[in-house]
Structures are given as C-alpha cells and as structure tokens.
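The next block holds one structure in the form of structure tokens; read it before the comments.
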Amino acid sequence: MEKNGKGIGENGMLLKVRDLEVAFSSRKGGKKALVRAVNGVSFDVRKGETLGLVGESGCGKTTLGRALLRLTPVPVKGGIWYDEEAIDSISNRDFRSLRSEMQMIFQDPFSSLNPRMTIGQMLNEVLTVHKVVPRKEAKRKICELLDVVGLSRDYFNRYPHEFSGGQRQRIGIARALAVNPKVIICDEPVSALDVSIQSQIINLLKDLQQEFGLTYLFIAHDLSVVEYISDRVAVMYLGKIVEMANAEELYNNPKHPYTKALMSAIPLPELSGKKERILLKGDLPGPLDMLKGCSFHPRCPEAMDRCRSVEPVLKPLCEGSSHEVSCLLYG
C-alpha cells in the first residue's frame, strides 16, 4: 500500500475545527425548537496523532464525527479545515475529491457492510468509485488489503454473515484503507466486540497508524481503551468539549468535575488499591432543556452560585498550557 504524503498545513495541523455547531429541529409544546447536538466545538488534530473523544452516550460524539465528513442530514455551522482547505463550504462535487483523504470506521461492523455483496465486490466497488488502481489490478489490491488487516485471501468471495464480529470490523478497516486516507474517524470501533477481540483491533489500528502515517479521531466511551490509544483526549458533555489535554495529563490530573467523575469510574486492579468513586446526582438534562450558565451545574458536586448564570469557555489552565478546561473553578 502507498504511504501518505506530506501535504500538511502550518504547524503540522491536518484538521482544524472552529465553533462547530450541529442542530436538529424538534418540537416542544407544539412549537419548533432546536436541539444542539454539537454546540460550539473547537479543536485541532496534528498529523499522525490520535485525538480521543469521550463522554456519555448522547453527548454528541458521533454527530461530531459525522459532521466532519458531511454525513449529517442538517447544515453545519462553524468552520472545518482539512490541510488548510475549508471543507465545510465547498460544493458536494468538490468534496468528493476529499473522500479518499478522510474515511470512517463505523461502530457496528455488520450493519455497515452490504449483506448482498461479497468482500471482494465491496472492496472492488470502493477502488472503482475512487479510481484507486486500474481495473485489472483491483484483485491484487484487494488481496493486499486483506493481508494488511490480518484476513485470509480465501475470504475474497465470502459474504459478511460468514464472519465473526472482529473479522467484520477488520473488513471495515480494509474498506477505509482502500483509498489511502490520511484521516480516519473511528466511531466506537470496538464497543460492539468481545473484550478479547477489542485488544486485537486496537493493536491493529496502532500498527496501521505507524505503518501508513494515519491520523485518528477516536470516538469511544471506554476510558481505558481511549487512554491506551490516544495522544490527546477531549471530554465532551452535552455537545461541548469541557476538558482537553495530553492523555497522560488528563488521566492523572483531571480538572473538570465531570472528567473527575468519569475517571473515578475506571476499574482498578485489586492490588492497586481503591479510589473514591464520584457519583453524579440528578439526571442528564433533556435535549430541549434550555439551561443557563454551565450546562453541567445541575449535576456538579462543586457548583457555585455563578455557575447557574455564567457560561464557562474552554481555555488553558495557565498561559502556554496545553491543558484546557471549561469550568468557572479555574477563572
């Protein structure tokens, strides 16, 4: 397979997102209302790194990942730049040329595969649409892809139902790799797999990243998996990033009360001792609830009076720090 080139933007930033917002229309009391699944999210992803994205179910992680690839059914506000090119405002026709640069691995490896097509047919379709190789070389390329993801070439004429969950996810990875991408958005790629298989897929993703210079946005709710694979981690709550830092720094020194509660839920080996579990009180606010101030304040054990009226912004803990937090406890 071909290795990725170096056509990268300033300071090695391959992907840049600013004030991203994705809102869906709904109704409340007979009136139209907006549900902001993603609400003013900003971050950068450097070439070759893995940015982990964690948070409770329904916080907007998957919607964010799909918005980057223009897979949401509603318009997206804000700015998205890939290799210094604004991709949120270009036409659908022009965006097709970038499809080979940015790919996605889906959560459910079975529903993301066409049950009526063999693995060879599926991968051949990708190669044909994106004109990756001449038609006469397609089978060789497909066999090469199967080798790369650890599958036998004998699987060429088999259908998705003939494979295990882990094998199906390897097929999904092969499909993403077929067009020689630079960025892969991994949408909870191991959450539907057995624990024993999860480690195999995670290690495969790490090996492929090193071999082909891939950049990942890794979306998951399993904090242990995210810690293992990520260089940096962003924590999301109700459509916003509330904390972001180097993975080691975030796990050893979480600052936001929500992040602290998440980290306290990570199970520890028996010999390493016990840690205090932080239990959040109250329910997650409904999608149509209009909260003033900090969106986390109804459940926050450290909430102050001003948290109910002042909305915090994501900013560095101190000047020059790469550890960012959105909390009034830190100024």
Side-chain angles (χ1 to χ4, degrees), residues 49-66 68-69 71 102-120 122-123 126 142 145-156 158-179 181 183-212 214-231 233-236 247 251 262-263 265-269:
E49 81 165 338
T50 299
L51 175 65
L53 186 63
V54 301
E56 293 173 287
S57 296
C59 72
K61 304 186 301 295
T62 294
T63 301
L64 172 58
R66 294 178 69 87
L68 299 181
L69 294 181
L71 297 176
M102 304 173 68
Q103 288 289 299
M104 193 167 193
I105 299 171
F106 297 92
Q107 178 178 358
D108 186 346
F110 187 68
S111 64
S112 64
L113 302 176
N114 189 333
R116 297 185 177 184
M117 298 178 71
T118 66
I119 303 312
M122 233 178 297
L123 294 176
V126 176
I142 292 169
L145 286 166
L146 293 176
D147 289 340
V148 166
V149 299
L151 293 174
S152 170
R153 297 187 178 194
D154 296 335
Y155 295 163
F156 187 93
R158 294 190 183 183
Y159 290 87
H161 72 270
E162 300 181 71
F163 297 94
S164 67
Q167 289 173 324
R168 290 174 192 147
Q169 196 58 288
R170 289 175 186 268
I171 295 166
I173 295 171
R175 181 177 56 188
L177 290 175
V179 291
V183 176
I184 297 182
I185 296 173
C186 306
D187 183 18
E188 303 201 28
V190 298
S191 63
L193 306 178
D194 293 339
V195 175
S196 59
I197 305 301
Q198 288 183 8
S199 60
Q200 296 177 20
I201 298 300
I202 291 298
N203 286 328
L204 173 62
L205 289 172
K206 288 178 70 72
D207 291 343
L208 293 173
Q209 182 178 41
Q210 184 175 5
E211 183 175 358
F212 301 112
L214 298 170
T215 300
Y216 293 145
L217 175 63
F218 191 89
I219 301 168
H221 59 261
D222 189 322
L223 296 170
S224 298
V225 169
V226 172
E227 181 182 19
Y228 177 71
I229 197 172
S230 302
D231 299 300
V233 178
V235 180
M236 204 166 177
Y251 279 74
L262 288 180
M263 297 304 171
I266 301 176
L268 293 175

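Side-chain atoms are counted along with the backbone in the values below, which use heavy atoms only and exclude waters and symmetry mates. In this chain, residues are counted from 1 in sequence order.
Remark: D147 engages R153 in a salt bridge (charged side-chain N to carboxylate O under 4.0 Å, His left out) (not counting sequence neighbours). When the side-chain hydrogen bond (donor to acceptor under 3.5 Å, both in side chains) test is applied to Y159, no partner is found at least two apart in sequence or on another chain. The ring-ring contact (aromatic ring centres under 6.0 Å, His included) test applied to Y155 returns F163, not counting sequence neighbours. For L204, the side-chain contact (heavy atoms from CB on, under 4.5 Å) criterion is met by V149, R170, I173, L208, not counting sequence neighbours. Checked against salt bridge (charged side-chain N to carboxylate O under 4.0 Å, His left out), E227 has no partners two or more places apart in sequence or in another chain. Every residue two or more places apart in sequence or in another chain that forms a side-chain contact (heavy atoms from CB on, under 4.5 Å) with S111 is listed here: D108. Looking at residues two or more places apart in sequence or on another chain, you find a side-chain contact (heavy atoms from CB on, under 4.5 Å) between S224 and D222, I266. T50 pairs by the side-chain contact (heavy atoms from CB on, under 4.5 Å) definition with Q209, Y216, F218, I229, S230, D231, not counting sequence neighbours. Listed by chain and number, the residues in a side-chain hydrogen bond (donor to acceptor under 3.5 Å, both in side chains) with T62 are D187 (sequence neighbours excluded). For N114, there are no side-chain hydrogen bond (donor to acceptor under 3.5 Å, both in side chains) partners, not counting sequence neighbours. Take R158 and apply the side-chain hydrogen bond (donor to acceptor under 3.5 Å, both in side chains) test, not counting sequence neighbours, and it matches no residue. Scored by the salt bridge (charged side-chain N to carboxylate O under 4.0 Å, His left out) test, E162 finds no partners at all (sequence neighbours excluded).
Residues L177 and L214 have side chains in contact (heavy-atom distance under 4.5 Å, counting atoms from C-beta outward).
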task: Please step through side chain to side chain contact (heavy atoms under 4.5 Å, CB included) for the pair L205 and I105, ending with a clear verdict.
output: CA-CA 11 Å; L205 289 172; I105 299 171; 3.9 Å; yes
